[in-house]
Amino acid sequence: ETGVTQSPTHLIKTRGQQVTLRCSSQSGHNTVSWYQQALGQGPQFIFQYYREEENGRGNFPPRFSGLQFPNYSSELNVNALELDDSALYLCASSLPQNYGYTFGSGTRLTVV
Amino acid sequence: EDQVTQSPEALRLQEGESSSLNCSYTVSGLRGLFWYRQDPGKGPEFLFTLYSAGEEKEKERLKATLTKKESFLHITAPKPEDSATYLCAVQSVRDDKIIFGKGTRLHILP
């Protein structure tokens with residue numbers, strides 16, 4: 001049974017650029033959630049996808065968008081990057097109505 | 001609005017010195033309360049799920065308990081390898097999303 005895999009592990013972007021982060025869910029998990037974790041803070045919920053549809057969103061602007069593919073892998077896209085977007089981005093997968101998530105190791109994004 | 005508050009923010013203990021971490025929560029119908037461990041630069045690692053008041057779970061030196069308003073993570077005779085950030089999170093019956101607290105940074109001195 002494979003876990004949750006995220007790529008890339010580290011990324012440096014310039015303010016105003018766009019970025020795409022990728023996530024492969026744990027085998028059999030059809031729900032994926034994305035979190036942003038700033039340094040010294042707990043993870044903040046961005047959005048969740050189930051069967052390729054967004055079914056929940058946190059307090060993040062529309063420039064944060066996502067996709068889920070038929071194989072349940074997922075992407076997080078962020079447009080017009082701002083310095084405050086620098087954070088660890090975590091992907092987590094689960095079964096619907098299941099209890100708890102399995103997290104990937106995250107992508108460390110630095111915006112300069 | 002669902003909320004999770006963890007205390008203390010940071011805790012330094014000597015090896016073998018037992019203590020407890022607190023997680024206070026407000027949620028409109030609790031589906032589950034979770035404890036995760038997070039090492040620097042890594043994703044959270046699942047420890048426990050608690051579903052109802054009075055429930056307890058144990059794993060090695062860790063024991064988690066739950067009441068209607070808070071949860072405790074008790075650490076008995078900790079070792080330096082227990083040093084990490086411990087995150088508490090809740091999931092409501094309204095939706096599947098999990099809301100996290102800010103965590104407690106635990107440092108065990110040898």
Side-chain angles (χ1 to χ4, degrees), chain A residues 3-11 21 23-26 29-51 53-60 66 87-110, chain B residues 1-10 21-25 27 29-52 55 57 59 64 66 71 84-107:
Chain A
V4 176
T5 305
Q6 293 188 241
S7 63
T9 54
H10 295 84
L11 199 54
L21 310 182
C23 171
S24 293
S25 301
Q26 182 164 323
H29 286 188
N30 55 13
T31 299
V32 65
S33 301
W34 285 91
Y35 285 79
Q36 180 195 66
Q37 188 176 24
L39 205 60
Q41 301 294 313
Q44 296 292 310
F45 176 73
I46 302 175
F47 44 58
Q48 182 180 81
Y49 278 80
Y50 170 62
R51 290 186 175 179
E53 297 285 333
E54 184 181 300
N55 74 338
R57 190 177 183 93
N59 296 324
F60 281 81
L88 181 69
Y89 287 85
L90 296 163
C91 170
S93 72
S94 66
L95 292 169
Q97 303 297 313
N98 199 7
Y99 299 91
Y101 297 165
T102 300
F103 281 86
S105 293
T107 294
R108 170 70 63 187
L109 173 65
T110 302
Chain B
E1 184 178 328
D2 300 340
Q3 272 194 325
V4 178
T5 304
Q6 292 188 245
S7 62
E9 289 186 8
L21 313 183
N22 177 263
C23 170
S24 298
Y25 65 92
V27 65
L30 181 70
R31 175 179 289 171
L33 183 140
F34 310 94
W35 283 96
Y36 285 85
R37 168 191 171 130
Q38 187 174 27
D39 293 302
K42 301 285 184 64
E45 175 190 343
F46 173 78
L47 293 173
F48 303 110
T49 306
L50 300 168
Y51 301 110
S52 58
E55 189 175 1
K57 294 267 180 81
K59 179 180 178 181
L66 180 65
S71 176
T85 295
Y86 290 85
L87 296 165
C88 174
V90 296
Q91 189 176 39
S92 80
V93 297
R94 287 183 293 114
D95 52 42
D96 285 338
K97 70 182 182 184
I98 292 181
I99 304 300
F100 282 85
K102 292 184 177 181
T104 293
R105 296 187 309 278
L106 178 65
H107 186 53

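Below, each value reflects all heavy atoms present in this structure, side chains not excepted, and no hydrogens, waters or symmetry copies. Each chain gets a letter, A, B and so on, in the order the sequences are listed, and its residues count up from 1.
- Contact of A/Q37 with chain B is made through the side chain alone, with heavy-atom distances under 4.5 Å.
- For B/Q38, the part sitting under 4.5 Å from any heavy atom of chain A is the side chain, from C-beta outward, and nothing else.
- With chain B as partner, the option from A/P43, A/G56, A/G106 having the largest number of non-hydrogen pairs under 4.5 angstrom is A/P43.
- Taking the six-membered ring where the residue is Trp, B/Y36 and B/F34 present tilted rings, their angle falling between 30° and 60°.
- Ring orientation note: the planes of A/Y35 and B/F100 are nearly perpendicular, at an angle over 60° on the 30°/60° scale.
- Taking chain B as the reference chain and counting heavy-atom pairs below 4.5 Å, the highest number among A/A92, A/G40, A/G42 is found for A/G42.
- Looking at A/Q41, both its backbone and its side chain come within 4.5 Å of chain B, counting heavy atoms on both sides.
- In this view, B/Y86 satisfies the ring-ring contact (aromatic ring centres under 6.0 Å, His included) rule with no residue, not counting sequence neighbours.
- With respect to the salt-bridge test (charged N to carboxylate O, under 4.0 angstrom), the residues A/E54 and A/R57 qualify.
- For B/N22, the side-chain hydrogen bond (donor to acceptor under 3.5 Å, both in side chains) partners are B/S24, B/E70, not counting sequence neighbours.
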